[in-house]
Asker: 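Following this message is one structure expressed as structure tokens.
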Amino acid sequence: MPELPEVETIVRGLRSKLECNRFIEVEVYNENTIKNPKCIKEFKERIEGKKIREVKRRGKYILLILEDLAHVIIHLRMTGQLIYSEDQLNFSHLCLSAKLSKGYLYFNDIRKFGTISLLPKDDLAKEKGFWTLGVEPLEESFGIEYLKSKLDTGRPIKSLLLDQRVLAGLGNIYVDESLFLAGISPSKPAKTLSDEEISKLVSAIKFVLTKGIENKGTSFSDFVDSYGDKGTNQNFLQVYGRGGEKCKVCGNVLAKDKIAGRTTVFCLYCQK
DNA sequence: CTTTAGACCTGCTAGC
DNA sequence: TGCTAGCAGGTCTAAA
């Protein structure tokens, strides 16, 4: 579920609650959630008692940086939820709970794909997906020049945009939305994009992500922020989840196809 | 280098 | 009403 705007929404909600808070006691209910260290006992020993110094987002990862600079690296995958509460709560798919010096932190995950790693700051390369992330699409380092430097391939542009080593944080929703807004077909080979298309695409990505954050994320089914509230961005989607319905711009029926292994919705007339 | 299928899990929905 | 196939925001691996 969560792409960059959803993860950013969660992080913004957690920041004031977690920074300077402290892990008192951690319970793990699903051992597979903990990737590193492999041993749950060791995980608990290394996190309990530690103060949280900083809460950050990088791509779709949530980072809790502890006082000893060790990183708790959390990935929500499809259905993970990270919820803070002053009071104790119950969840139906709880994977981990933490009693803090003030309040409680819960990791709830229906499909149990989500992962948590705890790594010393010199060992972050062990979390490979995290370590190899590309640039942040909302930062200045992402611009026309950067995108152009990555386009020398025959891969479909959608596949490139989903590649976290190129751009950190885009997923199926925001890629489809960005390509629609830029008027580019998702299957168009990356190397055939014109300068004008590259420029439009950069703007579209930044716009779509910024709006997603303003709307506090897209809640298609499971996404909730750190307080358990839904976002509103689903009300503004142009193409995602609308296959077979009418294009909001030209009125033609939106196409649905499998591209880069993912369901892709686009307009044959508006996207070339 | 690239794409694709399968794996990891559970729940929801469309269709019979 | 009830069952089943197919699908879902993600990523990793193995195989072609």
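Proteins come first, then strands; the chains are lettered A, B, ... in the order of their sequence lines, and each starts at number 1.
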Asker: Between B/dG6 and C/dA5, how far is it from one P atom to the other, in whole Å?
Answerer: 16 Å

Asker: How would you label the contact of A/T115 with the nucleic acid (heavy atoms, under 4.0 Å): base, sugar-phosphate, or nothing?
Answerer: nothing

Asker: Kindly say whether A/K17 contributes a backbone atom to a donor-acceptor pair with the side chain of A/N21 at under 3.5 angstrom?
Answerer: yes

Asker: Rounding to the closest angstrom, what is the interatomic distance between C/dG6 and B/dA5 at atom C1'?
Answerer: 16 Å

Asker: Output the rounded distance in Å from CZ (A/F107) to P (B/dC9).
Answerer: 14 Å

Asker: May I ask you to check whether A/T264 and A/D257 show a side-chain donor-acceptor distance below 3.5 Å?
Answerer: no

Asker: Whole angstroms only, please: what is the CG-C1' distance between A/D257 and C/dC7?
Answerer: 16 Å

Asker: Under 4.0 Å, heavy atoms only, any strand: does A/D109 hit a base, just the sugar-phosphate, or nothing?
Answerer: nothing

Asker: Is any side-chain nitrogen or oxygen of A/T79 closer than 4.0 Å to OP1 or OP2 of B/dC9?
Answerer: no

Asker: Classify the nucleic acid contact of A/G261 as base, sugar-phosphate or nothing, counting any heavy atom under 4.0 Å across all strands shown.
Answerer: nothing

Asker: For DNA chain C, please output the secondary structure as dot-bracket, reading 5' to 3'. Pairs are Watson-Crick or G-U wobble, both atom distances under 3.5 Å; mark crossing pairs with [ ], other-strand partners with |, unpaired with a dot.
Answerer: .|||||||.|||||||

Asker: Between B/dT3, B/dC9, C/dT11, which one does the side chain of A/R111 approach most closely?
Answerer: B/dC9

Asker: Of the options C/dA8, C/dG10, B/dG11, whose atoms approach the side-chain atoms of A/I110 most closely?
Answerer: B/dG11

Asker: Just compare C/dC12, C/dG10, B/dT3 and give me whichever is closest to any side-chain atom of A/R262.
Answerer: C/dG10

Asker: Rounded to whole Å, please give me the gap between NZ in A/K126 and C1' in C/dC12.
Answerer: 18 Å

Asker: In this structure, which one of A/K158, A/R155, A/K150 forms a salt bridge (Lys or Arg N to Asp or Glu O under 4.0 Å) with A/D163?
Answerer: A/R155

Asker: For B/dC8 and A/R77 - does any side-chain N or O of the residue sit under 4.0 Å from the phosphate oxygens OP1/OP2?
Answerer: no

Asker: Respond yes when some side-chain nitrogen or oxygen of A/H75 is under 4.0 Å from OP1 or OP2 of C/dG10, and no when none is.
Answerer: no

Asker: Quick check on C/dG10: is either OP1 or OP2 less than 4.0 Å from any side-chain nitrogen or oxygen of A/Q164?
Answerer: no

Asker: Rounded to whole angstrom units, what separation is found between the NZ atom of A/K35 and the C1' atom of C/dG10?
Answerer: 12 Å

Asker: With a 4.0 Å limit, can you tell me whether A/T263 has a side-chain N or O closer than that to the phosphate oxygens OP1/OP2 of C/dA8?
Answerer: yes

Asker: Determine whether A/Y174 and A/E6 satisfy the following criterion, side chain to side chain donor-acceptor pair (under 3.5 Å), listing intermediate values before the conclusion.
Answerer: CA-CA 11 Å; A/Y174 294 96; A/E6 289 74 37; 2.6 Å; yes

Asker: Give one of base, sugar-phosphate or nothing for A/P156, where a contact means two heavy atoms less than 4.0 Å apart.
Answerer: sugar-phosphate

Asker: Can you check whether A/N172 has a side-chain N or O nearer than 4.0 Å to OP1 or OP2 of C/dG10?
Answerer: no

Asker: Give A/Y174 one of three labels, base, sugar-phosphate or nothing, depending on what nucleic acid heavy atoms sit under 4.0 Å from its own.
Answerer: nothing

Asker: Kindly indicate, with the supporting measurements, whether the criterion salt bridge (charged side-chain N to carboxylate O under 4.0 Å, His left out) is fulfilled by A/K188 and A/E197.
Answerer: CA-CA 11 Å; A/K188 183 160 183 148; A/E197 286 173 325; 3.4 Å; yes

Asker: Using a 4.0 Å heavy-atom cut-off, does A/S219 contact any base of the nucleic acid, only the sugar-phosphate backbone, or nothing at all?
Answerer: base

Asker: Under 4.0 Å between a side-chain N or O of A/K60 and OP1 or OP2 of C/dT11?
Answerer: yes

Asker: Return the value, rounded to whole Å, for the distance between atom CG of A/L170 and atom P of C/dT11.
Answerer: 10 Å

Asker: Determine whether the aromatic ring centres of residues A/F220 and A/Y240 are separated by less than 6.0 angstrom.
Answerer: yes

Asker: May I ask you to evaluate whether A/K128 reaches the phosphate of C/dC12, defined as a side-chain N or O under 4.0 Å from OP1 or OP2?
Answerer: no

Asker: Determine the Euclidean distance between corresponding P atoms of B/dT4 and C/dC7; express it in Å to zero decimal places.
Answerer: 16 Å

Asker: Assess the side chains of A/S117 and A/E127: does a donor N or O sit below 3.5 Å from an acceptor N or O?
Answerer: yes

Asker: If you check the A/H93 side chain, which of B/dG11, C/dA8, B/dT3 turns out closest?
Answerer: B/dG11

Asker: So, A/D225 versus A/T9: side-chain donor-acceptor pair below 3.5 Å or not?
Answerer: no

Asker: Using the ring of each side chain (for Trp, its six-membered ring), is A/F142 parallel, tilted or perpendicular to A/Y146, with breaks at 30° and 60°?
Answerer: perpendicular

